[in-house]
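Next up is a structure, given as structure tokens.
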Protein chains: 2
Amino acid sequence: MSSISRGRRSPVMADVAKVAGVSHQTVSRVLNDHPNVRAETRTRVLAAIDQLGYRRNLVARALVTRHSRTLGVVSFDTTLYGPASTVYGIEQAAREAGYFVSIVSLRTIDRAGVHDALDYLAEQGVDGIVVVAPQRSAARALADLPADVPMVAVEGDHAGDVSVVSVDQVEGARLATEHLIGLGHETVWHVSGPSDWLEAEGRIAGWRGVLAAHGRAVPEILPGDWSPRSGYQAGQRLAQMEEVTAVFVANDQMALGVLRAFAEAGVEVPGRVSVVGFDDVPESEFFSPPLTTVRQDFGAVGRNSIGILLRQIEAGQDRSRERLVVPPLFKVRASTAPVRR
Amino acid sequence: MSSISRGRRSPVMADVAKVAGVSHQTVSRVLNDHPNVRAETRTRVLAAIDQLGYRRNLVARALVTRHSRTLGVVSFDTTLYGPASTVYGIEQAAREAGYFVSIVSLRTIDRAGVHDALDYLAEQGVDGIVVVAPQRSAARALADLPADVPMVAVEGDHAGDVSVVSVDQVEGARLATEHLIGLGHETVWHVSGPSDWLEAEGRIAGWRGVLAAHGRAVPEILPGDWSPRSGYQAGQRLAQMEEVTAVFVANDQMALGVLRAFAEAGVEVPGRVSVVGFDDVPESEFFSPPLTTVRQDFGAVGRNSIGILLRQIEAGQDRSRERLVVPPLFKVRASTAPVRR
DNA sequence: GTGAGGGATGTTAACGCTCACAGTCTCCTC
DNA sequence: GAGGAGACTGTGAGCGTTAACATCCCTCAC
């Protein structure tokens, strides 16, 4: 039906060849920059291509070369700043390397979902896959997968046998907590991310580690879910606790909620309580007060994951075990101050 | 090389056929749910597929069917909340309909960039394309493109001959401005988006329209670029102007910057100045004060654009001219109040 | 019992490209 | 001027699938 409605079907290599008076193979050579084509012939072919409006069919090409020049990306909720930035970095790096990017965005991450997504991409013939797997369940799902396609995980579990690129969450949390301890705070409270998330775990570990190293009490964790609302609720609780003078919040969005709850309760920041976030979203510089936070270079994560993946593809290895940890950067702004005695 | 390192190549239909003792065509029929296959045969084929770990090759399939079941998406800076949410909605809707999504994220939008991206996707053999074209330049680039692949624009120019899905920007701005006028403000100031953006233009038009309808003075526009920083700078200027009592800011991020500047200058919101934003990002409810804003249903935009695109694909029409406008929703929070006399 | 009808299956030919190989032509060397 | 080395171009096969058609076999009506 569609072939009826369209007047003529789009031209193929043979059509170009006929117009240029050469064989289809010569057209192929021109298209692929093969050196052994006479300049005059090349010109004639290019003219024919232009005249017919010919566009090569990458599907046919992929069938014979067995390379689709497409990379698959599996991610979770690309509406969030972190995943969105990472995927953006991935896409840019891939395109610069001449690859297409096919994206699957999961609403919920579970073993079955990740498995299906990976199968889906494998059927499509992607040359490699990047999985943004920030949750423990997702990271585990990678372990028992068919190993016949190159793959790299972002923010995944370093214990598996898959290459992983991630930001050093523990170090980031350490920087945040050390900063607060250094300002003279007796201890530091923590509003965490959801328990299944590796990033949340890493941040807890870094925070706990510093407190332990200084022999400080480790307060009860206030659990959040990354959303501003959950931060707000945690903030309401913290606002009522006289002993709280410093809070390390696991991401900037929740930190915003905490700041809001503090403002409503009349708790001054950083006057009475210091607050540190995580991510350095573009907004955090303009929170009230501007947020001291830990910057993650998502662009670097994306670029590096593509780098590793392409190396695997070119080496013809299906699975290797490269590790790359991107260091975080601490940004001091106005939400932290020395403890008031 | 890669074929050497991998032990055996992955099985194809013929391999499955041999194991199941049928022809490859019967395997194809089983895979495509053709009715005329004996139940017992189907079982045998499925067993063979399972045993060999066979996965069908969608590339070969696309070559013969001339349908890749892949949709292309061209977008601009998917790090921003709006584009990210739209692309997310598109991706979800596409996958539900059984389509893959191949994404091209442009760093800068210009005619050449859009053109290249579209060509790139066309070569890849996508069945249709969604262009998130919020800028005038991008929208114009769509006009002179080869019309041999179904296409729909999101937030594009309604004047072209391409289908468009968008949120009613003018109406959203009208709601915001009417709200402020209704609170007794003599006039409303405006911090705009970058001039090339259609959304920025629509919001200006809506704002200006309401002021004109009420016979109010139209103040000079303070230009922004969507970033919190540009909002902050505009806010610094506004804070020094005694006559300002109401500001309509073209997006929530800039509104955050305005709020910050006001807070620093000691300008009370909504006590002395009322502020309205646009987008309703998840954070805006927790700004200080919580922001009155205009919600855009990006998910609906994404879903609808896929709906229109699939209808075009199935109808075999390359270009049609459907229009769809998604209504905005006004959210009153705490950043606006009656004017103080 | 026979032929029609249709369900179940097989056979063959594309789809549009690249790869491997086989040519042809030109130019240079001895 | 014969031989060989490149440079350039053409021919044929095949990638893994689906579409079209052919074939076989069973059932049922007369």
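This is a predicted model, so every value here is computed, not measured. Proteins come first, then strands; the chains are lettered A, B, ... in the order of their sequence lines, and each starts at number 1.
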So side-chain hydrogen bond (donor to acceptor under 3.5 Å, both in side chains) across residues 74-83 of chain B, not counting sequence neighbours, yields B:Asp77-B:Thr79, B:Thr78-B:Ser105
The bend of the helix from C:dG1-D:dC30 to C:dC30-D:dG1, taken between the axes of its five terminal pairs at each end and rounded to 10°, is 50°
Result for side-chain contact (heavy atoms from CB on, under 4.5 Å) between A:Leu71 and one of A:Ile306, A:Ile90, A:Ile103 points to A:Ile306
One should read off an interatomic distance between A:Met151 CE and A:Asp161 CG, to the nearest 0.5 angstrom, of 8.0 Å
Only residue of B:Val132, B:Val326, B:Val325 satisfying side-chain contact (heavy atoms from CB on, under 4.5 Å) with B:Val301 is B:Val326
Can the ring centres of A:Phe100 and B:Tyr120 be said to be less than 6.0 Å apart? yes
Q: Would you kindly say whether A:Arg66 and B:Asn57 are connected by a side-chain donor-acceptor distance under 3.5 Å?
A: no
A:His34 atom NE2 is separated from C:dA20 atom C1', nearest whole Å, by 12 Å
Across all chains, not counting sequence neighbours, the side chain to side chain contact (heavy atoms under 4.5 Å, CB included) partners of A:Val19 are A:Ala48, A:Gln51, A:Leu52
Test item: side-chain donor near acceptor, B:Thr70 and B:Gln124, under 3.5 Å: no
Can you check nucleotides 16-19 of chain C for protein contacts, nitrogen or oxygen pairs under 3.5 Å, and list what you find?
{"from": "C:dG16", "atom 1": "OP1", "to": "B:Arg66", "atom 2": "NH2", "distance (Å)": "2.4"}
{"from": "C:dC17", "atom 1": "OP1", "to": "A:Tyr54", "atom 2": "OH", "distance (Å)": "2.4"}
{"from": "C:dC17", "atom 1": "OP1", "to": "A:Asn57", "atom 2": "N", "distance (Å)": "3.3"}
{"from": "C:dC17", "atom 1": "OP2", "to": "A:Met13", "atom 2": "N", "distance (Å)": "2.6"}
{"from": "C:dT18", "atom 1": "OP1", "to": "A:Asn32", "atom 2": "ND2", "distance (Å)": "3.1"}
{"from": "C:dT18", "atom 1": "OP1", "to": "A:Arg61", "atom 2": "NE", "distance (Å)": "3.4"}
{"from": "C:dT18", "atom 1": "OP2", "to": "A:Ser28", "atom 2": "OG", "distance (Å)": "2.6"}
{"from": "C:dC19", "atom 1": "N4", "to": "A:Gln25", "atom 2": "OE1", "distance (Å)": "3.1"}

When rounded to whole Å, the NZ to C1' distance for the pair B:Lys18 and C:dG10 reads 16 Å
Outer limits of DNA chain D sitting under 4.0 Å from a non-hydrogen atom of chain B, read 5' to 3', are D:dG16 to D:dA20
Partner of A:Ser163 under side chain to side chain donor-acceptor pair (under 3.5 Å), picked from A:Arg323, A:Arg321, A:Gln312, is A:Gln312
* To do: Check every strand shown and say whether A:Val59 touches a base, only sugar-phosphate, or nothing at a heavy-atom separation below 4.0 Å.
  => nothing
Sequence neighbours excluded, the answer for salt bridge (charged side-chain N to carboxylate O under 4.0 Å, His left out) partners of A:Glu199 is none
